[in-house]
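Reviewing the structure listed below.
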Amino acid sequence: MSVDGEVRRLRTEADEPGWEVDPDDDWGLAVIATVGRQLKLRREAAGMRAAEFGEAVGYGEDMVYKIESGKRIPRPEYLDMADEILRAGGLLAAMKEDVKKVRYPKRVRDLAQMEAKAVELLSYGNHNLHGLLQTKEYAWALLRTRRPVNPEDQLEQALAARMARKAVFDRAPAPELSFVLEETTLRRPVGGKMVWRSQLEHLLEVGQLPNVEIQVMPTDRWDHPGTGGRIQVLKFEDGTAVGRMDDEFSGRPVHDPRQVRILELRYGIIRAEALTARESLAFVEQLVGER
């Protein structure tokens, strides 16, 4: 298509890697199929062919068909333009919120939903800081260390999903959050000096919240059950709980009270071996001062 004498290149699948729907995500498939169906109905009601509509929004005809058939996730700006061009009165643009959730991997959505319902969270990490404690810059630096390197838009998607989970801190009533961090995770300069220092300062701020307890496990304290990997336990208002540990129960989430009790026992021992919350914040302050 030409615009003011210039050739306009229409978007293709190659321009948008990572916007496919996860075939194992039933809810996501249903959402995108519904959105696509609405887009098609609105386009046809407006008397526009797919090619004509594609030119209007800057997409190739094949991409329009794939979005309308539920095979591709439409970008937020696509829905905005479609709403305006098809005069949908905001109905198409309003679908952006559901589409935004589909962009997050199913396992991340499931985790965020559980964290949003939990009244208590127990977390021990021996490799990196828990996602709820990470700053945006620290999380971005971690995501970029993955190999093979993911496309930029997939990294942005993962970052947005991780940051969205931090809404747990704004809940009322606030859940009780307990974190035990290995000393080595605090000393590793992820993202470089400035990003790392900012991350440590963020930990000091979060650690001051009345419902948050951050503890540090000194490197020389090796005789504890956390050597097998990460542990996480989420407890809910109805008395149920879910937990997981890297080297236990095949690393899968468990709901059986007897299995969760094992994880709670191990976490309790880890918590007792770590520095107290006050000692831990002093330790982090010391690290900030050293840098």
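Counting heavy atoms from C-beta on, the side chains of Val233 and Leu121 never come closer than 4.5 Å. Counting heavy atoms from C-beta on, the side chains of Phe249 and Ile262 come closer than 4.5 Å. With contacts defined as side-chain heavy-atom distances shorter than 4.5 Å, the pair Val260/His255 does not qualify. Contact of the Phe169 side chain with the Leu132 side chain is registered, since non-hydrogen atoms from C-beta on lie closer than 4.5 Å. Between Gln208 and Leu281, the closest side-chain pair of non-hydrogen atoms falls below 4.5 Å. Contact annotation: the side chain of Glu201 never approaches that of Trp196 to less than 4.5 Å [non-hydrogen atoms, C-beta and beyond]. Taking the side chain as every heavy atom from C-beta outward, Val119 and Phe236 never approach each other to under 4.5 Å. Put simply, the side chain of Leu200 does not reach to within 4.5 Å of the side chain of Glu285, judged on heavy atoms.
In summary, the side chains of Ser178 and Tyr267 do present a donor paired with an acceptor at a separation below 3.5 Å, with no hydrogens or angles considered.
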Leu122 and Lys235: side chain to side chain contact (heavy atoms under 4.5 Å, CB included), yes or no, with the steps? CA-CA 9 Å; Leu122 313 175; Lys235 300 182 181 182; 4.3 Å; yes
Between Val195 and Val190, does a side chain to side chain contact (heavy atoms under 4.5 Å, CB included) hold up when you go through it step by step? CA-CA 7 Å; Val195 170; Val190 173; 5.7 Å; no
Verdict with supporting geometry, Glu55 and Leu10, side chain to side chain contact (heavy atoms under 4.5 Å, CB included): CA-CA 7 Å; Glu55 290 181 346; Leu10 303 179; 4.1 Å; yes
Would Arg244 and Arg252 count as a side chain to side chain contact (heavy atoms under 4.5 Å, CB included) if you check the C-alpha gap in whole Å, the side-chain angles of each, and the deciding distance to 0.1 Å? CA-CA 6 Å; Arg244 69 173 297 275; Arg252 297 179 179 275; over 6 Å; no
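Checked by atom type and distance alone, the side chain of Ser198 never pairs as donor or acceptor with a backbone atom of Met194 at under 3.5 Å. Side-chain atoms of Ser280 come within 3.5 Å of backbone atoms of Val216 as a donor-acceptor pair (strictly under, hydrogens ignored). The main-chain N or O of Met48 is found under 3.5 Å from a side-chain atom of Arg43 such that the two form a donor-acceptor pair. At distances below 3.5 Å, not a single donor-acceptor pair connects side-chain atoms of Glu183 with backbone N or O atoms of Met217. Side-chain N or O atoms of Asn211 include none that pairs as donor or acceptor with a backbone N or O of Glu176 at under 3.5 Å. Side chain of Arg230 to backbone of His127: no donor-acceptor contact under 3.5 angstrom is found. In terms of modelled atom types and a separation under 3.5 Å, the side chain of Arg147 and the main chain of Thr145 share a donor-acceptor contact. The backbone N or O of Leu275 sits less than 3.5 Å from a side-chain atom of Gln215, completing a donor-acceptor pair. Between the Asp83 side chain and the Leu91 main chain, a donor and an acceptor come within less than 3.5 Å of each other. Under a 3.5 Å cut-off, the side chain of Glu68 and the backbone N or O of Arg37 do not form any donor-acceptor pair.
Taking both residues in full, the closest heavy atoms of Thr185 and Tyr138 are given as O-OH, 4.2 Å, listed atom of the first, atom of the second, then distance. What you find for Ala274 and Pro218 is that their closest heavy atoms are CA-CD, 4.5 Å. When all heavy atoms are compared, the tightest approach of Leu263 to Gly243 is CD1-C, 3.5 Å. The two residues Ala82 and Val57 make their nearest non-hydrogen contact at N-CG1, 4.4 Å. Among all heavy-atom pairs drawn from Glu213 and Ala277, the shortest one is CG-CB, 3.6 Å. Taking all atoms of both residues into account, the shortest heavy-atom contact from Asn126 to Gly229 is ND2-CA, 3.4 Å.
Just one residue in the list Arg271, Arg266, His130, Glu182 forms a side-chain hydrogen bond (donor to acceptor under 3.5 Å, both in side chains) with Tyr124, and that residue is Glu182.
Transitive grouping of hydrophobic side chains (ILVMFWY, heavy atoms separated by less than 4.5 Å) brings Leu181 and Val284 into a common cluster. Hydrophobic clustering of Ile, Leu, Val, Met, Phe, Trp and Tyr side chains at less than 4.5 Å, counting indirect connections, keeps Val168 apart from Leu159. Two different hydrophobic clusters hold Ile73 and Leu155 under the rule that ILVMFWY side chains link at heavy-atom gaps under 4.5 Å. Hydrophobic clustering, with ILVMFWY side chains joined whenever heavy atoms are under 4.5 angstrom apart, groups Val99 together with Leu86. No continuous path of hydrophobic side-chain contacts links Met245 to Leu129 [ILVMFWY only; heavy atoms under 4.5 Å].
Rounding to the nearest 0.5 angstrom, the gap separating the CE atom in Met95 from the OG1 atom in Thr34 is 7.5 Å. From Leu133, atom CG reaches atom NE2 of His202 across 6.5 Å, with rounding to the nearest 0.5 Å. Between Leu177 atom CG and Leu209 atom CG the span is 8.5 Å, to the nearest 0.5 Å. In this structure, Leu234 CG and Thr240 OG1 are separated by 10.0 Å, a value rounded to the nearest 0.5 Å. For the atom pair CG of Leu204 and CD1 of Ile214, the computed distance is 8.0 Å after rounding to the nearest 0.5 Å. With rounding to the nearest 0.5 Å, the separation of CD in Glu264 from CD1 in Ile269 is 12.5 Å.
Within a 6.0 Å radius of CZ in Arg221, more than 12 heavy atoms belonging to other residues, nucleotides or ligands are found. Heavy-atom neighbours of Glu84 CD from other residues, nucleotides or ligands within 6.0 Å: at or below the threshold of 12. The number of heavy atoms from other shown groups lying within 6.0 Å of NZ (Lys166) is above 12.
Taking the charged nitrogens against the carboxylate oxygens, Asp80 and Lys96 do have a contact shorter than 4.0 Å, which makes a salt bridge.
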